[in-house]
Protein chains: 2
Amino acid sequence: MAVGEAGRNRVEERVSRIVQQLRASGHRITPQRVAIIRHFVGRTDHPSAEDIHTELLADYPMMALSTVYGTLRLLAEMGEAVEVSPATHETRFDPDVGDHCHLTCLACNRIMDLPMDACVHAEDFATAAQHQGFQPVRQVYQVFGYCADCRRDREAPSRA
Amino acid sequence: MAVGEAGRNRVEERVSRIVQQLRASGHRITPQRVAIIRHFVGRTDHPSAEDIHTELLADYPMMALSTVYGTLRLLAEMGEAVEVSPATHETRFDPDVGDHCHLTCLACNRIMDLPMDACVHAEDFATAAQHQGFQPVRQVYQVFGYCADCRRDREAPSRA
DNA sequence: CTCGTTGCAAATCATTTGCAATGGA
DNA sequence: TCCATTGCAAATGATTTGCAACGAG
């Protein structure tokens, strides 16, 4: 119900691409890594490392939580995941690395995605959120990147 | 140099208003709380609880870190502070509760503010960031509020 | 006087790390 | 075979909590 055949193929494509990148950058391809990546990519929610670990434990009883953390960090460094920090202090990871908007509920800490096409104007975020039944309280826009100072020190680091 | 007389007055006004709100909601006004609030409100950076604690320790040698955490949480609940979670895992607090944009450096973890008036359109964030010498990598827009489910359970909680 | 608040220390919780064993390349 | 990666357990670091003393109302 969640992912159709087309969606599944798209997921597998992305998994393959990530695996290739990993191999290309000298990383080893282990069953654990593949399982974590496949389990993560294509999700539409924002799981924590522990979520993923718990869910994978059924199929991989020896899977260590630290391995999940490591693989997610790897994905984040590759630009294949974004860390999202909700009101709670457990980091969530988002496989959607495109520009989009998070609706974070202050009560239940759930994170919902807001399609960006509804948000051409900055002030549209709150309006679009309201259309989804979400009651906006505060908004913070975050742009991650490199500041003027740090940019100097990283002239083309290792980008392929 | 940082804050002129007008700015200082504005800070004191805001401190007074917060203190009044605290009193009105049945909280006690302690020297610690006033010191923390005064030290926090009016800042233009994004200090962590530990930052504030360390800085206040000079004038208040008995100030406990847990008191700082408690007061900042109180401010956040009152809507007088926003928690910001940078790439590092130490929560930062922002006294600016208006809609604005954070430029988070992935290298030095500094958080800079981006004036919102430059960002009418959603796609302006990255452009405006670049104008400041900031090299954007990823953007996430966060709207905090109450989702449809949680909104039901909180019909006018204690709002004055 | 009362009870919310403080300071301190211990506890908790997420995340990281050290290390010996394992298994991809 | 070789060395990156794993699993485990212990370490770390941020934040919270329990509790007796304190002090604002």
Side-chain angles (χ1 to χ4, degrees), chain A residues 16 18-37 39-40 46-54 56-78 81-93 109 111, chain B residues 16 18-37 39-40 46-54 56-78 81-93 109 158:
Chain A
S16 304
I18 294 175
V19 165
Q20 281 173 27
Q21 278 182 238
L22 277 176
R23 215 191 305 269
S25 56
H27 288 98
R28 292 190 178 161
I29 310 307
T30 64
Q32 291 92 331
R33 282 188 176 163
V34 176
I36 294 167
I37 296 169
H39 190 79
F40 174 66
H46 309 76
S48 66
E50 185 132 29
D51 289 338
I52 295 177
H53 179 238
T54 305
L56 283 172
L57 226 41
D59 292 321
Y60 301 79
M62 304 304 276
M63 175 80 65
L65 179 55
S66 55
T67 303
V68 176
Y69 271 109
T71 303
L72 288 173
R73 179 164 21 108
L74 213 48
L75 288 175
E77 284 166 6
M78 297 168 65
V82 181
E83 291 193 18
V84 197
S85 300
T88 178
H89 289 287
E90 192 181 39
T91 303
R92 314 294 194 81
F93 294 83
N109 290 317
I111 300 175
Chain B
S16 305
I18 293 174
V19 165
Q20 281 173 26
Q21 278 182 238
L22 277 176
R23 214 191 306 269
S25 56
H27 289 98
R28 293 190 178 161
I29 310 307
T30 64
Q32 290 92 329
R33 281 188 176 161
V34 176
I36 295 167
I37 296 169
H39 191 80
F40 175 66
H46 310 77
S48 66
E50 184 132 30
D51 289 338
I52 294 177
H53 179 237
T54 305
L56 283 172
L57 226 40
D59 291 321
Y60 301 79
M62 304 304 276
M63 174 81 65
L65 179 54
S66 54
T67 304
V68 177
Y69 272 108
T71 303
L72 288 173
R73 179 165 19 109
L74 215 48
L75 288 175
E77 284 165 5
M78 297 169 66
V82 181
E83 292 193 18
V84 197
S85 300
T88 178
H89 289 289
E90 192 181 40
T91 303
R92 312 294 193 81
F93 294 84
N109 290 317
S158 64

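Here is the naming used below: chain letters follow the sequence lines, and residue numbers restart at 1 for every chain.
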Nucleotide [N], atom [atom2] - distance to [atom1] of [X] in whole Å:
{"X": "A/Tyr69", "N": "C/dT15", "atom1": "OH", "atom2": "P", "answer": "3 Å"}
{"X": "B/Met63", "N": "C/dA9", "atom1": "CE", "atom2": "C1'", "answer": "18 Å"}
{"X": "A/Ile52", "N": "C/dT15", "atom1": "CD1", "atom2": "C1'", "answer": "14 Å"}
{"X": "B/Leu22", "N": "D/dG25", "atom1": "CG", "atom2": "P", "answer": "11 Å"}
{"X": "B/Arg28", "N": "D/dA24", "atom1": "CZ", "atom2": "C1'", "answer": "6 Å"}
{"X": "B/His27", "N": "C/dT6", "atom1": "NE2", "atom2": "C1'", "answer": "14 Å"}
{"X": "A/Leu56", "N": "D/dG7", "atom1": "CG", "atom2": "C1'", "answer": "15 Å"}
{"X": "B/Phe93", "N": "D/dA14", "atom1": "CZ", "atom2": "P", "answer": "13 Å"}

Nearest-nucleotide comparison on DNA chain D, the residue closer to the 5′ end among B/Gly70 and B/Pro31 | B/Gly70
B/Thr67 side chain to B/Met63 backbone, donor-acceptor under 3.5 Å | no
Can you check whether A/Leu22's main-chain N or O pairs, donor with acceptor, with A/Ser25's side chain at less than 3.5 Å?
-> yes
Sort out for me which residue in A/Ile36, A/Leu65, A/Leu72 forms a side chain to side chain contact (heavy atoms under 4.5 Å, CB included) with A/His53.
->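 So the option named by the test is A/Leu65.
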Grab the two heavy atoms, one from A/Arg33 and one from A/Arg28, that are nearest each other, plus how far apart they are.
-> NH1-O, 3.1 Å
Describe the nucleic acid contact of A/Leu65 in one word from base, sugar-phosphate, nothing, applying a heavy-atom distance below 4.0 Å.
-> base
Tell me what A/Thr30 touches on the nucleic acid: a base, only sugar-phosphate, or nothing, going by heavy atoms under 4.0 Å.
->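 Sugar-phosphate: the residue A/Thr30, judged by heavy atoms under 4.0 Å, touches backbone atoms but no base.
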Nearest-neighbour nucleotide for the [X] side chain, [options] considered:
{"X": "A/Arg23", "options": "C/dA25, D/dT15, C/dC8", "answer": "C/dA25"}
{"X": "B/Ser66", "options": "C/dT17, D/dA14, D/dT16", "answer": "D/dT16"}
{"X": "A/Arg33", "options": "D/dT6, C/dT5, C/dC8", "answer": "D/dT6"}

For A/Gln32 and D/dG7, is the shortest distance between a side-chain N/O and OP1 or OP2 below 4.0 Å?
->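 True: A/Gln32 side-chain N/O within range (under 4.0 Å) of D/dG7 OP1/OP2.
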Between A/Thr91 and C/dT15, is there a side-chain N or O to OP1/OP2 distance below 4.0 Å?
-> yes
In this structure, NE2 of B/His46 is separated from CG of B/Asp51 (nearest 0.5 Å) by 12.0 Å
